[in-house]
There are 2 protein chains.
Amino acid sequence: MLKTFATASRAARTSPRSATAFRMATIRLLSQLVEPKEPSVTTEIPGPESKKVLSELAKLQDARAAQLVGDYTQSVGNYIVDADGNKLLDMYCQIASIPVGYNNEALLKAAKTDEMAITLANRPAMGVLEEAFMAVKPKGMEMIFTSSHGSDANEIAFKAAFMHYARKKRGARGFNAQELESVMENQAPGAPDLSILSFGSSFHGRQFGSLSATRSKALHKLDIPAFKWPKAPFPQLRYPLDKYEAENAAEEARCIEETEQILKTNASPIAAVIVEPIQSEGGDRHASPRFFQELRRITAENDVLLIVDEVQTGCAATGTFWAHEQWNLQTPPDMVTFSKKMQAAGFYHTRALVPDQAYRNFNTWMGDPSRALIAKAIGLVQQVQEVGKYLKGHLEPLAVRYPRVIKNVRGAGTFLAFDCPTAELRAELLELMKNEGVNMGGSGETSVRFRPMLTLTKAHVNVFLTRFESVLNKLYKKHWPQ
Amino acid sequence: MLKTFATASRAARTSPRSATAFRMATIRLLSQLVEPKEPSVTTEIPGPESKKVLSELAKLQDARAAQLVGDYTQSVGNYIVDADGNKLLDMYCQIASIPVGYNNEALLKAAKTDEMAITLANRPAMGVLEEAFMAVKPKGMEMIFTSSHGSDANEIAFKAAFMHYARKKRGARGFNAQELESVMENQAPGAPDLSILSFGSSFHGRQFGSLSATRSKALHKLDIPAFKWPKAPFPQLRYPLDKYEAENAAEEARCIEETEQILKTNASPIAAVIVEPIQSEGGDRHASPRFFQELRRITAENDVLLIVDEVQTGCAATGTFWAHEQWNLQTPPDMVTFSKKMQAAGFYHTRALVPDQAYRNFNTWMGDPSRALIAKAIGLVQQVQEVGKYLKGHLEPLAVRYPRVIKNVRGAGTFLAFDCPTAELRAELLELMKNEGVNMGGSGETSVRFRPMLTLTKAHVNVFLTRFESVLNKLYKKHWPQ
C-alpha cells in the first residue's frame, strides 16, 4: 500500500480501510477531474493532514525540504491540491517540471499504453532511438545523447567536452602507456587537469562535476570537494532595460572581456564554457542576445566549446521551444542540454563531438508519454507567448503602483520574474500568496519566479492577478500605512 | 512511431505499414508469450535486421557499444529474442539488470495500473515514501535516500559522507564566513580537500565523483579530470580456495594492512571507504567474510565510514537478498547503495547520517512495479541458492575436464564466474556460445560472468550445460587436437 496516496486523500481522515477504497475510486475517476475555477484554501498550509504525512516521511527519509504535500490523485491542470484538500493555482510547478498540467488526459492515456508497460517491465538500457526528441532538435544540432536527469545531462556534456579536447590535442595517435597508467591513479596525463568555465550565480546540478560548475548557493556546495574550475562574471543588468541601455551594454562588454581573459590565461586549459539562457536558480538573471553572440564569438575564437544549459528554460516556456533561439546566433552552440519539462534528459550535439571510442549509451526512455508531451508542447508555443505577454503587461504597471514590493519585472514567454527589496519581504509575499491559494516560488536571494504550466491561460492569469493585488495591498497596509 | 519496435519485429522486413500493424498485434499478445524450450539461432549475430537497426541508430546516436539488438516484444522469461528472431538463453541480462525475466506478467500488469500512469503523467519529484524498499532494508539500516541510477546512488552516498565528516569536525558551530566565501570559488575550507578510498579493480560509476573512485578500466577514465582520491589493494585470491587457504589469508591480511596504512596517512582526510561485496566489472573478484569483517574493524577504528556498493550484487542474485549479509558483521556498514535489479536506485543509511541542513530529496519512484518486483525477488532467494549450487556443482567438474578454458570457478548464488587463460580465448568462447543460442558476458580482463535472472531454473541450466560442453569440445578440437 502506498502511504502517501492513502494519507493524502481526505477520506483517510476517517479510517485506513475507507482510505484505500476511496483511493481506488479516486484513481478511476482521475481522467474526469475538472480544473477548479479558482483556488480554495480551508486550512493553514501545511495543514494537519500534510503535517501528518511529513512527520511519517521524516521517520524514513530526510523530508525537511518538503513543504507542500501534493495529492496527485486530486491535482488537475494548473491546480495542485494538497493533502488537506486545499486547491492552489500552481505558478511554480515543481520547479518548472510539469509541462502540460497535472493529470493531463493525453499523458495519462499515453502512460497506460502497452508500449509503456513493456518499457517499465523490461526497464534497463534499451538503447532505443527516441525520434520524439529529434523532432525538436535545436538548429545546428545533429545528434542526441540521453541520460537520467538534468545534472547528469550536464555531466555527460562535460565528459564529451573533455574527450573532445583531449582528442584534438592527441591527434592521430592512440593512448600512450603513460596515460594508461597515470589515469588509474587519478593523475595527469591520463586524468588531465582540464576545466569547465561557468558563470557566477549559475546552477548546473549537484553531482561532483556539475556542482563544481554551480555557483548559485553556498549551501549546495559546502563540505563537498570541488574541482578548481574557474568562474566568470555574469552581467548584472539594470531595469528597465530601455532606461539603462548604455550601462547594460558596458556591463556586458566588461563581462565578455573578463571571460575572454580567463579563457586565455586560466592555469588549467578550459575545454568548455557552460551558460544558462536565463540564470534560473541564481535569481532569474538575464543577458541580452548580444552578450550571448559575443560569448559564442570568443569561445569559437579561443577554440573552446559552448554548452547551453536549457534544463530549466527548454521546452517552450520562454515563448520559443529553446530559449537560445532568441539569440539569433550565426554559429550554433556545440551542445545543448535538457531535462525537466522534457520528461527525459540528455544533450544535443554536433556531429563533430562523437568520441573516438564507443562508450555505452544508457538511455532513459519514456516512449509514448514523451511523444505525446513534445507534440503538445510544440502546439503551445504560441499560447505561451500570448499569455506571457499578457501577464508581463499586467506586472509592469503593478511594479509602478507597488514599487516597495515589485522591482525589475523581466523575462520571456511565461518564464517571468521580479525582485523584492529583501528576502524577508519575499518570504512574506510567498506565504500570503499561498494562503490566498497561489503556489509561487523564489529564485536567488530576493527574486520571485513564475514557472507555470505551458497550459496557463489568460483566465488563470486573471485569477492570479486578483489574489496578487489583494496581497500587495495587505503588505502595503501592514508595512507602509498612510 | 517508435523505430526499434517496428524495425526489430520480423514483419518489418516486408513493409513499414505491416510492421506497425504487426507491432500492435504483437503487443496485445505479449502476456501470452511463452518461454522457448531451447535456444534457436538462424542467422549470424548480429544478423541482417540487427545490423540495419544499428546503422539507423548510428545516424543519431553513438551506437558502437551495442551488439545485441533486443526485440522486447518477443523476449520472454529467460530468453532474449533479437531483431532477427534469434532466441537466446540470457545468462547476462543487460549486466544483471533484469530481475525476474523479460515481459514478466506480474510486472507488466503492475506497470499498467492507474497508479503508475499517474506517476508517469505527473513525473517530477513526488517525494513519495516508498515502503517497498524498506521491506528489504539491510540489517542495521534505518533510512533510505533514493536517486536515479547506480552511479548517482554512490555519488549521493559520497556527498553524505563528506557532509558527515565536516559536521563532526565543525561540531556545534555553523558555517563561518571563510567557508561561505571560499566554497563559491571551489576552494578550501568551504570545498575541503577530502577523499573517498576505493579499491583497485573496483567499479562505482562514471560521473565525476564516482569515476574518481572507479578503477576497473582505463578507457572509462581517460581524458576526464579526476579527484586525487587514494586506491587500496583488493585481495587477489587463488583458487580453489581450500587449497590456498594460508596464502589467501596472508594476501587479505596484507591488503587490510595497506588499507589501514592509507587511512592513517593519506594526505587528504578520508571520509569513507567504498567496496563491492564482489568486484563485478573488475572481473568477479571475491574476498572472504573475514576480509570484510577486518575492513569494518579498521574503518570503525579510524572513524571512517564504510559504504557497501550493492548496485550489482543486491536483490537476491548471490543467494541472500544483500550479498553483504554473508559477512556476518558485528557492526553494520554505514551505507548500502543499490540500483539495477531493484529497478530504482539510492542508498540505505543509519540514522546518524542525516545531514544537519535539509536538502531536497528527489525521488525516483516506480510504485507498483517496485512492489511487485521486490515481493517476487524475496520469494526467489531459495531458488537462486539451489539453482546456483546446481550450476556451480556442474561448472567445477567441467573445470577439471577442460582446464585449458575454465579456471577459478567462483561465486555465490547464481552470481558465478570463471576465468579464461586469455582475453582472446574468452572472446572466442562468448562468440561460440552466442551462436549456440546462449547470451553471456565477460568481466575484467579474462573472466566470464553469469548474471542470469532470479527465475533461472535447473532446466535452464541443463540447456546451458549442453551448449557449453559442445562449445568446450569445439574449442579443444580447434586449439588442442589430439
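A, B, ... follow the sequence lines: proteins, then strands. Residue 1 opens every chain.
Ring orientation note: the planes of A/Phe227 and B/Phe227 are close to parallel, at an angle under 30° on the 30°/60° scale.
For A/Lys231, the NZ atom is densely surrounded, since the number of other residues' heavy atoms within 6.0 Å is greater than 12.
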Task: CA sep, side-chain torsions, deciding dist, call: B/Leu222, A/Leu180, side chain to side chain contact (heavy atoms under 4.5 Å, CB included) - done: CA-CA 7 Å; B/Leu222 279 158; A/Leu180 290 165; 3.7 Å; yes
TODO: Please test A/Leu211 against B/Phe208 for side chain to side chain contact (heavy atoms under 4.5 Å, CB included), starting from the C-alpha separation and ending with a verdict.
DONE: CA-CA 10 Å; A/Leu211 191 63; B/Phe208 287 87; over 6 Å; no
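Ranked by heavy-atom pairs under 4.5 Å with chain A, the first of B/Ala191, B/Pro225, B/Gly209 is B/Pro225. The candidate from B/Glu181, B/Gln187, B/Lys221, B/Gln207 with the greatest count of non-hydrogen atom pairs under 4.5 Å with chain A is B/Gln207. The choice from A/Ala188, A/Ala166, A/Pro192 that makes the most heavy-atom pairs within less than 4.5 Å of chain B is A/Pro192. Of the residues considered (B/Asn186, B/Leu194, B/Asp193), B/Asn186 shows the highest number of contacts with chain A, using heavy-atom pairs under 4.5 Å.
Residues passing the ring pair (Phe, Tyr, Trp, His ring centres under 6.0 Å) test with A/Tyr165: none are found, sequence neighbours excluded. Applying the ring pair (Phe, Tyr, Trp, His ring centres under 6.0 Å) test to A/His220 and every residue at least two apart in sequence or in another chain returns A/Phe203.
Only the backbone of A/Ser216 comes within contact range of chain B, with heavy atoms under 4.5 Å apart. Contact annotation for B/Lys217: only backbone heavy atoms (N, CA, C, O) come within less than 4.5 Å of a heavy atom of chain A.
In this structure, CG in B/Asp223 is found 10.5 Å from CZ in A/Phe162, a value given to the nearest 0.5 Å. Note that the CD atom of B/Glu185 and the CZ atom of A/Arg215 stand 6.5 Å from one another [nearest 0.5 Å]. Interatomic distance, A/Glu155 CD to B/Ser210 OG, rounded to the nearest 0.5 Å: 8.0 Å.
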